[in-house]
Amino acid sequence: MKLRKDFITHESDGEQIMVAGSTSVFSGMVRSNRTAAFIVNCLKEETTQAEIVDAMAAKYDAPREVIEADVNKIIEKLNSIGAIE
């Protein structure tokens, strides 16, 4: 899976903003915290959900179950707006 090319991201002051391009069904802006931004940044390259969980587990000191739940939740939301191909 990968972030669709028509979604543009910008980071500022620890917050990431993602805007859908004109070819997207979703029209709006998504504000992300650091965890969601980390996941979105992973999705800029072809990856799997398991690879994202592994990358987060290597970076953050949190129980794997919590990381898996967070990744699943963010990916579901991104899928719901058509941000992932």
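These numbers come from the heavy atoms of this one structure, side chains and all, not from hydrogens, waters or symmetry mates.
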Asker: Which residues pass the side chain to side chain contact (heavy atoms under 4.5 Å, CB included) test with Ile8, not counting sequence neighbours?
Answerer: none
Asker: Please tabulate, for side-chain N and O atoms in residues 39-46, each donor-acceptor pair with protein atoms closer than 3.5 Å (sequence neighbours left out).
Answerer:
{"residue": "Asn41", "atom": "OD1", "partner": "Gln16", "partner atom": "NE2", "Å": "3.1"}
{"residue": "Asn41", "atom": "OD1", "partner": "Lys44", "partner atom": "NZ", "Å": "3.2"}
{"residue": "Asn41", "atom": "ND2", "partner": "Glu11", "partner atom": "OE2", "Å": "2.9"}
{"residue": "Asn41", "atom": "ND2", "partner": "Ala37", "partner atom": "O", "Å": "3.3"}
{"residue": "Lys44", "atom": "NZ", "partner": "Thr9", "partner atom": "OG1", "Å": "2.7"}
{"residue": "Glu46", "atom": "OE2", "partner": "Met1", "partner atom": "N", "Å": "2.6"}

Asker: Rounded to the nearest 0.5 Å, how far does CZ of Arg4 lie from CD1 of Ile81?
Answerer: 10.5 Å
Asker: What distance do Phe7 atom CZ and Glu85 atom CD have between them, rounded to the nearest 0.5 Å?
Answerer: 10.5 Å
Asker: Mind listing the side-chain donor-acceptor pairs of residues 61-74 below 3.5 Å, one per line with the distance, residues two or more places apart or on another chain?
Answerer:
{"residue": "Arg64", "atom": "NH1", "partner": "Asp54", "partner atom": "OD1", "Å": "3.4"}
{"residue": "Arg64", "atom": "NH2", "partner": "Asp54", "partner atom": "OD1", "Å": "2.4"}
{"residue": "Asn72", "atom": "ND2", "partner": "Glu76", "partner atom": "OE2", "Å": "3.2"}

Asker: Does the pair Leu78 and Met18 meet the rule for a side-chain contact (heavy atoms from CB on, under 4.5 Å), with working shown?
Answerer: CA-CA 11 Å; Leu78 293 171; Met18 184 169 59; 3.4 Å; yes
Asker: Is Val53 reachable from Ile84 through a run of hydrophobic residues whose side-chain heavy atoms are each under 4.5 Å from the next?
Answerer: yes
Asker: Donor-acceptor pair, Arg34 side chain versus Glu15 backbone, under 3.5 Å?
Answerer: no
